[in-house]
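See structure below.
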Amino acid sequence: MKQRSVHVLVVLFEGVQSLDVSGPMEVFAGASRFPGVSYRLRTASLDGAQVRCSSGLTLVPDTALADAPAPDLLLVPGGPGTRTPAPELVDWLRVHAPRARELVSVCTGALLLAEAGQLDGHRVTTHWSVCGTLARRFPEVRVDPDPIFVRDGRLATSAGVTAGIDLALALVEEEHGRDVALAVARQLVVFLRRPGNQAQFSAQLTAQTAVREPLRELQHWITEHPDADLSVEALAARARLSPRHFARAFQAETGLTPGRYVERVRLEQARRLLEDTTEGITGISRASGYGTPEAMRRAFVKALGAAPAEYRRRFRSQPV
């Protein structure tokens, strides 16, 4: 086990999201209670003055950014304050962010790093509500709106709020192994199971809810029957529409093609069964509508970059 102490510096500013700060810090602090693990945590604002969070909570930093020693891990949280950041904060990040061994953003903290030119050419994620804004304002940044966190070399970015905890747990696991990360997850009463490329939302939340009642009811029926015949023809018959009309109407009202929606529903079903049950791979592939283990394996590798057995090994729920 590594013995090196990791200096973590968390940047504070007016309008920061308090959970983006406290979530990762609790993970690193929890890990530091184990032998051989040491995260030295410090917070800093531009002038060392206290800052008011978006919730109204007041945070008192340890120091001013100008006086903070160079960190191993620089963490930039998000919050409404990232919409109109102080130019001095952006300038500080432009100079000091490249010096950190690891650069991490939580939620809309990615906007600050992009403003400072630290995300160009990198694949990143952020809160779903600003992914479009990030992509439009910074075309050199490769924005992936789906994962809860993304690791790209020394850079790690996460989606909203609780995804920062998932990312911090993943960083602890990288540095100190799964046992330490799992123990911290148990302390915080969370599961060490969410992979970075897990979608920010379920299929039903990702897709819009159809306006027409037959299509809306069909969406719910699909999620409850992933093992049924979910071809366009079969779904169109259930909705009492022609296949062509059904396909056009479904995409217009949900934002997803019927095939894409079904893919997401089946993937989520299979993931849940792998995480929460001891059902065999063959049984899960049938219950999820894939039919065969090979078909499910191909879907998992394409969407998650891991075969079902590997996914289960890494992310199966552990009792708290």
Side-chain angles (χ1 to χ4, degrees), residues 6-13 15-32 39-45 51 53-55 57 59 61 71-83 85 89 93 97 100-114 118-119 122-131 134 143-152 154-176 180-182 184-201 315:
V6 178
H7 175 209
V8 178
L9 179 65
V10 181
V11 177
L12 302 183
F13 49 86
V16 70
Q17 161 64 257
S18 58
L19 285 175
D20 289 359
V21 176
S22 61
M25 289 187 73
E26 288 293 343
V27 171
F28 295 134
S32 296
Y39 287 93
R40 292 181 292 117
L41 306 174
R42 292 181 69 81
T43 58
S45 64
V51 300
C53 299
S54 57
S55 63
L57 180 70
L59 298 180
D72 299 306
L73 190 158
L74 178 63
L75 190 148
V76 182
T82 61
R83 297 170 188 162
L89 175 57
L93 288 171
R101 181 171 62 89
E102 292 186 286
L103 183 59
V104 176
S105 71
V106 178
C107 197
T108 57
L111 290 172
L112 292 179
L113 291 182
Q118 302 305 301
L119 303 187
H122 290 284
R123 175 173 169 259
V124 306
T125 195
T126 184
H127 191 279
W128 63 269
S129 66
V130 298
C131 281
L134 181 61
V143 181
D144 189 339
D146 287 331
I148 58 172
F149 64 82
V150 170
R151 188 75 143 116
D152 188 358
R154 61 182 281 273
L155 176 67
T157 54
S158 78
V161 191
T162 57
I165 295 176
D166 293 294
L167 175 54
L169 286 168
L171 295 174
V172 169
E173 183 176 4
E174 283 183 14
E175 191 78 13
H176 297 287
V180 172
L182 180 56
V184 175
R186 285 172 171 163
Q187 286 182 344
L188 297 178
V189 198
V190 296
F191 285 124
L192 180 65
R193 71 178 190 181
R194 295 210 295 174
N197 47 8
Q198 178 172 317
Q200 293 191 34
F201 289 119
F315 304 116

### Query
Judged by atom type as modelled, is there a donor-acceptor pair below 3.5 Å linking the side chain of Thr126 to the main-chain atoms of Ala159?
no
### Smallest separation among heavy atoms of Val8 and Tyr39, with atom names
CG2-CD2, 3.9 Å
### Query
Of the non-hydrogen atoms in Gln118 and Leu103, which two are nearest, and what is the gap between them?
CB-CD2, 4.0 Å
### Query
Does Ser158 use its side chain to pair, donor to acceptor, with the backbone of Ile148 at less than 3.5 Å?
no
#### Entry: Short side-chain to backbone donor-acceptor contact, His127 and Ser129, under 3.5 Å
yes
### Task
Compare all side-chain heavy atoms of Val143 with those of Leu119 and state whether any distance is below 4.5 angstrom.
no
### side chain to side chain donor-acceptor pair (under 3.5 Å) involving His7 - partner list, sequence neighbours excluded
none
### Task
For residues Thr43 and Leu41, determine if any side-chain heavy atom of one lies less than 4.5 Å from a side-chain heavy atom of the other.
no
### Query
Considering residues at least two apart in sequence or located in another chain, which fulfil the salt bridge (charged side-chain N to carboxylate O under 4.0 Å, His left out) criterion with Glu102?
Arg151
### Message
Going by side chain to side chain donor-acceptor pair (under 3.5 Å), name the residues that satisfy it together with Arg40, two or more places apart in sequence or in a different chain.
### Response
Ser5
### Query
Considering residues at least two apart in sequence or located in another chain, which fulfil the side chain to side chain donor-acceptor pair (under 3.5 Å) criterion with Ser45?
none
### Task
For Phe13, enumerate each residue passing the ring-ring contact (aromatic ring centres under 6.0 Å, His included) test, keeping only those at least two apart in sequence or located in another chain.
none
### Task
Would you give the length of the straight line joining atom CG of Leu167 to atom OG1 of Thr157, rounded to the nearest 0.5 angstrom?
8.0 Å
#### Entry: Minimum-distance pair of heavy atoms, taken over all atoms of Pro61 and Leu12
CB-CD1, 3.9 Å
### Over all atoms of both residues, closest heavy-atom pair of Val27 and Val184
O-CG1, 3.7 Å
### Query
Can you check whether Gly109's main-chain N or O pairs, donor with acceptor, with Thr82's side chain at less than 3.5 Å?
no
### Any residue meeting side chain to side chain contact (heavy atoms under 4.5 Å, CB included) with Arg101, in chain and number order, not counting sequence neighbours
Arg4, Val6, Asp72, Glu175
### Query
Is the side chain of Thr125 donor-acceptor paired with the backbone N or O of Asp144 at a distance under 3.5 Å, no angle test?
yes
### Query
Side-chain contact, heavy-atom cut-off 4.5 Å: Val124 with Leu113?
no
#### Entry: Spatial distance of atom CZ (Arg83) from atom OG1 (Thr108) [nearest 0.5 Å]
8.0 Å
### Query
Taking the side chain as C-beta and beyond, is there a heavy-atom pair between Leu112 and Val11 under 4.5 Å?
no
